[in-house]
Colleague: 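I'd like to ask some things about the structure below.
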Amino acid sequence: MAGFRDLDKVLFPIKSINNVVQLFRNQLESPSEPDLALLSIVAGVIENSLTSRSNAALQVCEPVEQNNLPILEIKTVEILYDKFRSIMLNAVDQNKAKGFATRDLVKKVSDVIWNSLTRSYYKDRAHLQSLYSFLSGNKLDCFGVAFAVVAGCQCLGYNDVHLALSEDHAWVIFGENGTETAEVTWHGKGNEDKRGQEIGKGVSARSWLYVNNKPVICTRHMEVAALVSAINPSLNSTHDAYEVALLQQELLWLLYELGHLKKYPMAIGNLGDLEEIAATEGKVPCKDLFQEAVTSARSYYSNQHVYPYTYQGGYFYRNKMYEEAFESWANASDVIRLDDEEIYKEFLEIANELIPHIMKIESSGFSANTILKKPKCFADLLRFYDGICQWEEGSATPVLHIGWAKPLVLTISKFDADVRAQVNIVCDKSEEDKLLKKNGTYFNNNNYEKENGSTAVSDSVVSTNVKNHSDKDNSPFHPSIEAL
Ligand SMILES: FC(F)(F)Cc1cc2c(N3CCN(c4nnc(C(F)(F)F)s4)CC3)ncnc2s1
């Protein structure tokens with residue numbers, strides 16, 4: 001049974017980040033599972049006290065002493081913790097013998113949370129993800145509702161209820177084999193919520209919103225990683241509360257080192273972002289973390305996640321590593337299937353802002369090593385656009401419009417004809433076989449995990465006859481290494 005035990009209570013009053021890290025370590029290493037309600041309340045109280053408007057000014061100008069936090073008394077936590085437990089225990093009758101959760105039980109817990117929420121509030125506001133927000137303000141965001149349902153089920157003793165996460169939605173799994181699924185929260189704006197229903201097996205389950213049926217299924221420890229990932233250090237649109245960001249970074253390292261981020265690409269990406277801002281001495285560098293997120297998505301989720309590539313592409317872009325950025329974005333584009341406006345915005349920004357920005361710099365500068373001379377960059381660019389066009393073909397709603405075409409034409413025209421001529425677009429099996437025989441390796445954009453010479457055929461193979469292709473690249477793209 002989880003819970004607020006004596007060895008946790010002795011850490012109070014909590015005064016430093018180290019105290020909080022110790023509390024999380026106690027919970028994560030305890031023989032019984034970590035208590036989600038306790039940890040969400042502690043993280044939420046600290047985040048709120050350091051980011052609420054009352055002391056926002058203070059936080060921006062206040063010099064930061066090492067590790068100091070506003071004192072967190074045990075009473076504060078106990079009151080909130082007991083309040084959550086009583087809400088759950090009063091709402092759901094306890095006489096039923098424990099066992100596995102049922103759809104009715106999950107729906108009942110979701111209703112208790114749902115009906116406690118303030119009638120109308122700005123759902124996308126920051127700091128609405130924790131049980132502190134739920135208990136003190138009756139407000140939760142989409143993720144927060146799903147998390148609260150899982151925490152509620154845990155405190156009712158149903159340890160089979162777990163969080164399922166895509167890149168833009170959250171739901172729960174439950175039952176004897178963990179194969180039952182249920183919506184417990186809303187998604188997006190203006191969509192009727194489907195709470196209580198199972199996740200369909202149809203087209204929608206194959207969309208990006210449900211990551212083509214490859215969601216992150218959390219263990220209890222990964223649910224702690226989700227609440228830590230959801231910590232939001234932002235004070236306002238330009239500043240972060242330093243201690244909140246540091247706390248999040250230290251907790252993510254704790255979870256990373258305990259192995260609980262292995263199957264959680266977005267949490268690894270979050271840690272990479274924090275490390276890029278402020279690297280921790282002697283730890284895995286952020287560049288490797290972004291690669292680990294990509295490898296995790298490829299290994300555990302059949303390369304159906306986009307964000308690991310956009311985390312990585314964003315890192316390369318910020319560090320002016322444009323060739324690598326193109327490759328990451330091309331890999332991201334290979335992943336997308338059906339449409340969803342959230343991911344659409346990501347690709348719109350890459351295609352119509354980030355890439356044109358790179359082309360402007362590359363075509364004005366005199367860098368000898370310009371990407372405009374590299375056939376592989378042109379090939380990756382085509383792969384990026386090809387993925388988006390396939391997206392168009394496969395989706396019910398139109399994706400591309402003239403706003404896409406102008407930057408596309410401008411970008412492609414920046415590559416000289418002789419560079420473009422070195423890229424061969426191979427469109428059918430027989431040509432592909434010829435290419436394979438000659439070169440033994442090829443890029444296969446739909447079956448990355450079968451890259452080592454399998455017979456799987458993609459509908460288009462892009463290869464470049466790039467001589468002595470040198471650097472080890474991290475994409476499934478293995479261009480032929482000699483002239484075709
Ligand atoms: F539960 C939902 F509905 F909120 C879906 C989830 C989102 C998300 C996340 N995010 C979302 C993606 N995100 C990104 N930040 N930068 C990103 C990139 F564009 F650089 F890739 S993606 C921040 C953290 N980080 C950990 N876990 C989750 S579960």
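Whatever order the structure lists ligands and atoms in, that order sets their numbers, starting from 1.
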Colleague: Report the C-alpha distance between Lys189 and Asp124 in whole Å, list the side-chain angles of each, state the deciding distance to 0.1 Å, and finish with yes or no for side-chain contact (heavy atoms from CB on, under 4.5 Å).
Modeller: CA-CA 10 Å; Lys189 287 188 178 11; Asp124 293 340; 2.5 Å; yes

Colleague: Asp168 heavy atoms, cut-off 4.0 Å: which ligand 1 atoms fall inside?
Modeller: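 It comes down to these atoms of ligand 1: 3 (F), 5 (C).
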
Colleague: Report, in ascending order of atom number, the atoms of ligand 1 lying under 4.0 Å from any heavy atom of Ser166.
Modeller: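 Here the atoms of ligand 1 in question are 5 (C), 6 (C), 29 (S).
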
Colleague: Between Glu167 and Tyr307 (side chain of the first, backbone of the second, donor and acceptor by atom type, cut-off under 3.5 Å), is there such a pair?
Modeller: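 Answer holds: yes.
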
Colleague: Looking at Phe143, which atoms of ligand 1 are within less than 4.0 Å of one of its heavy atoms?
Modeller: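 Under 4.0 Å from Phe143, ligand 1 has these atoms: 1 (F), 4 (F).
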
Colleague: Hey, looking at atom 10 (N) of ligand 1, which of Met266, Glu346, Lys345, Glu349 has the closest heavy atom?
Modeller: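 Checking each option, the heavy atom nearest atom 10 (N) of ligand 1 is found in Met266.
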
Colleague: Report the nearest protein non-hydrogen atom to atom 27 (N) of ligand 1: residue, atom name, distance rounded to 0.1 Å.
Modeller: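 The answer is Tyr264 OH, 2.7 Å.
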
Colleague: Under 30°, 30 to 60°, or over 60°: which ring-plane class applies to His357 and Tyr317, parallel, tilted or perpendicular?
Modeller: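 If you compare the ring of His357 with that of Tyr317, the planes turn out perpendicular.
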
Colleague: Which word best sums up how the rings of His187 and His169 line up, parallel for under 30°, tilted for 30 to 60°, or perpendicular for over 60°?
Modeller: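 Geometry flag for His169 against His187: perpendicular rings.
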
Colleague: Could you tell me which atoms of ligand 1, counted from 1 in the order shown, lie closer than 4.0 angstrom to a heavy atom of Asn270?
Modeller: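 Heavy-atom distances to Asn270 below 4.0 Å select 23 (C), 24 (C), 25 (N), 26 (C).
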
Colleague: Looking at Ala170, which atoms of ligand 1 are within less than 4.0 Å of one of its heavy atoms?
Modeller: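 Going through ligand 1 atom by atom, the ones under 4.0 Å from Ala170 are 1 (F), 3 (F).
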
Colleague: For Val92, which of Asp104, Ile87, Asp111, Leu105 qualifies under side-chain contact (heavy atoms from CB on, under 4.5 Å)?
Modeller: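 So the option named by the test is Leu105.
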
Colleague: Do the rings of Trp186 and Trp114 sit parallel, tilted or perpendicular, given the 30° and 60° boundaries?
Modeller: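 Ring orientation, 0 to 90° scale: perpendicular.
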
Colleague: Quick one: which of Tyr317, Tyr307, Tyr311, Phe290 has a heavy atom closest to atom 16 (N) of ligand 1?
Modeller: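 Of the listed residues, Tyr311 has the closest heavy atom.
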
Colleague: Need the ligand 1 atom indices (1-based, order shown) with element for anything under 4.0 Å from a heavy-atom of Ser229.
Modeller: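 The atoms of ligand 1 under 4.0 Å from a heavy atom of Ser229 are 26 (C).
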
Colleague: May I ask you to identify, for Thr310, whether its side chain, its backbone, both or neither come under 4.0 Å of ligand 1 on a heavy-atom basis?
Modeller: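 Both of them.
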
Colleague: Any idea how Trp404 and His401 line up, ring-wise: parallel (<30°), tilted (30 to 60°), or perpendicular (>60°)?
Modeller: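 The arrangement is perpendicular - the two ring planes meet at more than 60°.
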
